[in-house]
Amino acid sequence: MKSIDHPYFGHLEVPSADGTEVIWEGAAALGNSKVKVWLWADPGTGPDAGELDAFATHLTHLPALDTAARAALRENLEQDRYFIDHHADELDDIEVIERLTREANGEAISAGAFTAAMYPVRIGLWHRTEEAGARIVMDYTIDATTSDELLAVKVASDGTVVSVDWES
C-alpha cells in the first residue's frame with residue numbers, strides 16, 4: 001500500500017482496493033462556516049507531494065476559489081435560468097426562496113441574487129479524474145435541507161473553472 005505524509009493532509013494511505021476511495025476527510029474555512037472536503041484517490045496510486053501542495057494552497061485560499069466559482073455560477077445561471085426557475089417553482093415555501101422572491105419585487109429572481117444565496121456544501125479533491133483538467137469539484141446548493149439539487153463547479157488544479165454542471 002502506497003503512503004505519503006503531507007504537512008496539510010497528514011499521513012495518507014492509498015487503498016489497494018478496486019475502486020476510487022476517499023483517503024482524507026476534513027473541512028476548510030470559508031467566511032464564518034466550514035465546508036466538508038474529501039480527497040479521493042485511485043487504488044494503487046495516489047497524489048504526489050506537488051498535487052497535494054496545490055490542493056492545500058487552494059484550501060488555504062478558499063475565498064479566492066469561491067469567488068471564481070461564483071463568477072462561473074452566475075454566468076451559467078444568466079445563460080440558463082432553469083435551475084433558478086426550478087427552485088423558485090418547486091421550493092417557493094422555503095425561507096431563502098421567499099426572501100429572494102420578495103427582494104425581486106415582482107421580477108424574476110436574478111442570477112446574481114440567486115448565486116449570492118448559494119453556498120458550497122462540499123469540495124472534492126480528485127487525484128485522478130476522467131474529465132480533462134478537473135481536479136477540484138465544489139458542490140453548491142441553495143438549501144441543503146430541502147433540495148438535493150446541486151451546481152457542481154469543476155476546477156482545474158490552476159484554479160481555472162472547467163465547467164458548471166447540474167447534479168443531484
Side-chain angles (χ1 to χ4, degrees), residues 19-42 47 51 54-55 57-168:
T20 302
E21 292 186 24
V22 174
I23 61 170
W24 180 86
E25 292 182 45
L30 183 61
N32 294 327
S33 62
K34 297 274 188 180
V35 182
K36 293 179 195 175
V37 181
W38 296 334
L39 173 60
W40 295 82
D42 285 341
E51 187 174 41
F55 287 152
T57 297
H58 284 300
L59 294 176
T60 303
H61 299 99
L62 191 54
L65 193 61
D66 178 60
T67 298
R70 287 180 184 281
L73 285 168
R74 183 179 180 152
E75 181 179 334
N76 177 274
L77 293 170
E78 286 172 346
Q79 292 175 7
D80 182 356
R81 294 191 44 82
Y82 189 68
F83 191 84
I84 297 172
D85 295 338
H86 167 77
H87 282 81
D89 293 342
E90 298 295 321
L91 301 174
D92 61 344
D93 60 343
I94 64 169
E95 189 277 327
V96 67
I97 297 297
E98 288 176 345
R99 179 180 56 79
L100 291 171
T101 301
R102 192 171 49 254
E103 290 171 357
N105 200 27
E107 300 292 324
I109 297 170
S110 74
F114 195 87
T115 300
M118 295 182 81
Y119 58 94
V121 290
R122 73 183 148 267
I123 299 170
L125 307 173
W126 293 86
H127 160 58
R128 295 203 178 183
T129 180
E130 295 172 6
E131 292 187 49
R135 294 288 183 253
I136 302 166
V137 179
M138 302 177 69
D139 293 333
Y140 284 80
T141 186
I142 193 70
D143 188 318
T145 59
T146 57
S147 176
D148 65 351
E149 306 290 326
L150 304 167
L151 287 180
V153 180
K154 298 177 182 177
V155 181
S157 58
D158 67 358
T160 304
V161 174
V162 175
S163 68
V164 176
D165 301 308
W166 185 345
E167 298 180 357
S168 63

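Taking the charged nitrogens against the carboxylate oxygens, E78 and R74 do have a contact shorter than 4.0 Å, which makes a salt bridge.
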Check: Can you list the steps and then say if K154 with E167 is a salt bridge (Lys or Arg N to Asp or Glu O under 4.0 Å)?
Finding: CA-CA 12 Å; K154 298 177 182 177; E167 298 180 357; 3.4 Å; yes
Next item on the list: Quick one: do L59 and L125 satisfy side chain to side chain contact (heavy atoms under 4.5 Å, CB included)? Show the steps, please.
Entry: CA-CA 10 Å; L59 294 176; L125 307 173; 3.8 Å; yes
Checklist line | Residues R99, E103; criterion salt bridge (Lys or Arg N to Asp or Glu O under 4.0 Å); working and verdict | finding: CA-CA 6 Å; R99 179 180 56 79; E103 290 171 357; 3.3 Å; yes
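Under the 4.5 Å side-chain criterion, counting only non-hydrogen atoms from C-beta, S168 is not in contact with L150. Counting heavy atoms from C-beta outward, V153 and V137 have side chains that stay 4.5 Å or more apart. L91 is not listed as a side-chain neighbour of V96, based on a closest heavy-atom distance of 4.5 Å or more. Residues L100 and I142 are in side-chain contact: their nearest non-hydrogen atoms beyond the backbone lie under 4.5 Å apart. When side chains are defined from C-beta on, M138 counts as touching I136, because their heavy atoms get closer than 4.5 Å. Side-chain atoms of D92 and T101, non-hydrogen and from C-beta on, never get closer than 4.5 Å to each other.
The ring-ring contact (aromatic ring centres under 6.0 Å, His included) contacts involving residues 139-168 comprise Y82-W166, F83-W166, H86-W166, where partners must be two or more places apart or lie in separate chains.
The structure places CD of E90 at 9.5 Å from OG of S147, a figure rounded to the nearest 0.5 Å. Within the model, atoms CG of D165 and CG of N76 stand 8.5 Å from one another, a figure rounded to the nearest 0.5 Å. Note that CD1 of I23 and CG of L39 are 4.0 Å apart. Values are rounded to the nearest 0.5 Å.
Between A88 and I109, the shortest heavy-atom distance links the atoms CB-CD1, 4.1 Å. A108 and R81 get closest at one heavy-atom pair: CB-NH2, 3.5 Å. Scanning all heavy atoms of the two residues, the minimum distance from K34 to A27 falls at CB-CB, 4.1 Å. The minimum heavy-atom distance linking L62 with A29 is given by the pair CD2-O, 3.7 Å. Contact detail for H127 and R135: the closest heavy-atom pair is O-NE, 3.8 Å. Contact record, A68 with V161: O-CG2, 3.9 Å, taken as the closest heavy-atom pair.
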Using a 3.5 Å cut-off and no angle test, enumerate the donor-acceptor pairs between side-chain atoms of residues 110-124 and protein atoms at least two apart in sequence or in another chain.
unit_1 : atom_1 : unit_2 : atom_2 : d
S110   : OG     : A113   : N      : 3.0
T115   : OG1    : A111   : O      : 2.7
Y119   : OH     : A144   : N      : 2.9
R122   : NE     : D139   : OD2    : 3.0

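For H87 (side chain) and I97 (main-chain N/O), no donor-acceptor pair under 3.5 Å exists by modelled atom type. Between the side chain of T141 and the backbone N or O of D143, at least one donor-acceptor pair lies under 3.5 Å.
Atom CD of E95 is surrounded by more than 12 heavy atoms from other residues, nucleotides or ligands within 6.0 Å.
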